[in-house]
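Contents: one structure, followed by commentary.
First listed ligand is number 1; within each ligand, the first listed atom is number 1. No hydrogens, no waters, no symmetry mates; every other heavy atom, side chains included, goes into these values.
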Amino acid sequence: MTTNISIFKKELKKWYANNRRSFSWRNTNNPWKILLIETLSQQTQLERANRYYEQFIDKYPTPKHMANDSKKQILKLWSGLGYNNRAMRLHETAKIVAKTGFDNLYPDFTVLPGVGPYTNSALLSFAYGEKVIAVDTNIKRILQRFFKIKDKDIKNFLQANQDTFLHRFESRDFNQALMDLGATVCRSKNPKCVICPLEKSCNKFITKNSQIQPKFEGSFRQKRGVVLKILLSKDNVTKNVIQKELEATSEITLRVLDSLEKDNLIKITKNKYIVINDK
Ligand code: SF4
């Protein structure tokens, strides 16, 4: 497992160095900015959330600016994002943080309205540099696929291996790299395994390919290949011999022979033997 984790980290780091998405808040450790983007990007694509973020941070550069504004104004700026309750909770949070300050709540921000375990981890990682994995659906999906972990076991897996994952890997970079990989390559539907940096060692990729293999084994194309092999190694081959070798029905055997004949690869002699057509 440790070897797999090392490969995983090495490939991920390399990929992230060349493929990281660039956003203004990516290098900040300002907890307000982090809270803002994390709230805006819930159930929303990051690129879209980022457009809202730029407007929000412009109007509300600190929690105090938002705390002093009206709900109506916040909802106006939020318009189009949906889930308006989140805007309301953000307003409440801004009021609390404006009074208390983030540092006085550290390390447990879940007392703030709308802040759950994920946002708490994101704040700890991005604003406070803690060695914490911010486990969102992207990160879970990639780890589950790569290490072949069942849903029910992912929590224990992360608890047991968090330190190894984050050894000599900044948690900010680790979390952001996985978010980017999950959004662009290891997507929930149709993951782009062929361009994935983790493809060589990924369990999902290996399993997927080993599932494709049996299909090929039984495929029409594979049966044609078997017939040609038989004809190259044996004489006086009849349809029954081929059917037996193929372990196929009479109908399928005839279809295979018919297609080879149409392609001029085989021919049937007067004695009903099947031979390679070498003309
Ligand atoms: S190989 Fe495919 S399933 Fe595995 S991590 Fe990459 S994209 Fe995801």
_Under a 4.0 angstrom heavy-atom cut-off, which atoms of ligand 1 come close to Glu199?_
1 (S)
*Hey, is there an N, O or S on Cys202 sitting under 2.8 Å from atom 4 (Fe) of ligand 1?*
yes
_atom 6 (Fe) of ligand 1 - nearest protein heavy atom and its distance_ = Cys196 SG, 2.3 Å
*When the aromatic ring centroids of Phe147 and Phe165 are compared, is their separation below 6.0 Å?*
yes
*Does Val256 reach the side chain of Phe220, with side-chain heavy atoms less than 4.5 Å apart?*
yes
*Looking just at side-chain N and O atoms, do Arg86 and Gln43 make a donor-acceptor pair shorter than 3.5 Å?*
yes
*asked:* Can you report which non-hydrogen protein atom sits closest to atom 3 (S) of ligand 1, along with the distance?
replied: Lys204 CG, 3.3 Å
_I need the atoms of ligand 1 closer than 4.0 Å to a non-hydrogen atom of Arg145, numbered in the order shown._
3 (S)
*Side chains of Asn175 and Ser125, donor plus acceptor under 3.5 Å*: yes
_Protein contact to atom 2 (Fe) of ligand 1 [nearest heavy atom, distance to 0.1 Å]_ = Cys193 SG, 2.4 Å
*Give the residue and atom name of whichever protein heavy atom lies nearest to atom 8 (Fe) of ligand 1, and the separation in Å to one decimal.*
Cys186 SG, 2.4 Å
*Any Phe8 side-chain heavy atom under 4.5 Å of Leu178 side chain*: yes
_Using 30° and 60° as the class boundaries, would you call the ring planes of Tyr53 and Trp25 parallel, tilted or perpendicular?_
perpendicular
